[in-house]
Amino acid sequence: MKKILIAEDERDIRELVAFTLERHGFAVISSADGRTALELAAKEQPDLALLDVRMPRMDGYEVCRRIKADPTLTHIPVIFLSAKGQEAEVQAGLEAGAQAYIIKPFSMDDLISQIQKTLRA
């Protein structure tokens, strides 16, 4: 069973994404802030991380940069989930090391499809 880390400060979104992923057969670990997400990534070694851009204690870009800079975590693919859809924001996410950038609001089908595609890559 593939393990997915969700880092999202909005509880309703975090719980909806977790519920959807669990229904699709994924194990889910979640965090409401960036610093905890980074700690969970190191401890749990998820197969993929879903990161919100704007989070307390450390933004998603910094979490992604730190994951990609750590030899024990660099293999974890990152997908950003963000309401910030400007080209500069998307570019910053990809430059931080993310494999994909999904703009909120998004459909759960699109999210699952992107996760499956990323895990196959």
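Atoms considered below: every heavy atom in the structure, side chains included; atoms not considered: hydrogens, waters and symmetry mates. Sequence positions, counted from 1, serve as the residue numbers for this chain.
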Can Lys43 and Glu39 be counted as an ion pair, charged N to O under 4.0 angstrom? no
Going only through I, L, V, M, F, W and Y residues with side-chain contacts under 4.5 Å, is there a path from Val28 to Leu51? no
So, taking the atom named CZ in Arg11 and the one named CG in Leu16, what distance separates them when rounded to the nearest 0.5 Å? 12.5 Å
Do any N or O atoms from the side chain of Gln45 and from the backbone of Thr72 form a donor-acceptor pair under 3.5 angstrom? yes
Donor-acceptor check, side chain of Glu8 to backbone of Glu10, threshold 3.5 angstrom: yes or no? yes
Carefully, step by step, assess Leu21 and Ile115 under the rule side chain to side chain contact (heavy atoms under 4.5 Å, CB included). CA-CA 10 Å; Leu21 292 176; Ile115 288 170; 3.4 Å; yes
Atom of Ala37, atom of Ser31 and distance for their closest heavy-atom approach: N-OG, 3.2 Å
Would you sort out whether Phe26 and Asp47 count as a side chain to side chain contact (heavy atoms under 4.5 Å, CB included), showing the intermediate values? CA-CA 10 Å; Phe26 295 104; Asp47 296 291; over 6 Å; no
Evaluate the side-chain proximity of Lys2 to Leu48: yes if any heavy-atom separation is below 4.5 Å, no if none is. no
Measuring from Gln99:CD to Cys64:SG, what's the distance to the nearest 0.5 Å? 7.5 Å
Would a 4.5 Å heavy-atom cut-off, applied to side chains only, mark His24 and Met108 as touching? no
Indicate if Leu119 and Phe106 have the same hydrophobic cluster label, given that clusters are the connected sets of ILVMFWY residues with side-chain heavy-atom separations under 4.5 angstrom. yes
Assess whether atom CZ of Phe19 is packed by more than 12 heavy atoms of other residues, nucleotides or ligands within 6.0 Å. no
Is it possible for you to say whether Ile13 and Ile112 belong to one hydrophobic cluster, with membership spreading through side-chain heavy-atom contacts below 4.5 Å? yes
Asp33/Asp9 under side chain to side chain contact (heavy atoms under 4.5 Å, CB included): CA gap, chis, key distance, verdict: CA-CA 6 Å; Asp33 69 80; Asp9 60 327; over 6 Å; no
Over all heavy atoms of both residues, which pair between Pro77 and Thr118 is shortest? Give the atoms and the distance, please. CB-CG2, 3.6 Å
Quick one: are Leu111 and Thr20 in side-chain contact, heavy atoms under 4.5 Å? no
Could you see if Leu38 belongs to whatever hydrophobic cluster contains Val78? Use Ile, Leu, Val, Met, Phe, Trp, Tyr and a side-chain cutoff under 4.5 Å. yes
Residue pair Val63 / Gly34: nearest heavy atoms and the distance that separates them: CG2-O, 3.4 Å
Check: Leu5 and Ile76 side chains under 4.5 Å, non-hydrogen atoms: no
Could you label the plane-to-plane angle of the Tyr61 and Phe80 rings as parallel, tilted or perpendicular, counting under 30° as parallel and over 60° as perpendicular? perpendicular
Are the charged groups of Lys104 and Asp52 less than 4.0 angstrom apart, N to O? yes
I need the minimum non-hydrogen distance between Ala41 and Pro46, along with the two atoms involved. O-CD, 3.5 Å
Do you reckon Val53 sits in the same ILVMFWY cluster as Met55, going by side-chain contacts under 4.5 Å, direct or chained? yes
Asp109 backbone acceptor or donor facing Ser113 side chain under 3.5 Å: no
Taking all atoms of both residues into account, what is the closest heavy-atom pair of Pro56 and Ala32, and its distance? CD-O, 3.7 Å
Is any side-chain heavy atom of Leu50 closer than 4.5 Å to one of Ile102? no
Report the C-alpha distance between Thr36 and Arg57 in whole Å, list the side-chain angles of each, state the deciding distance to 0.1 Å, and finish with yes or no for side chain to side chain contact (heavy atoms under 4.5 Å, CB included). CA-CA 8 Å; Thr36 304; Arg57 299 183 64 211; 3.3 Å; yes
Test item: Lys68 and Leu73 side chains (from C-beta on) under 4.5 Å apart, heavy atoms: no
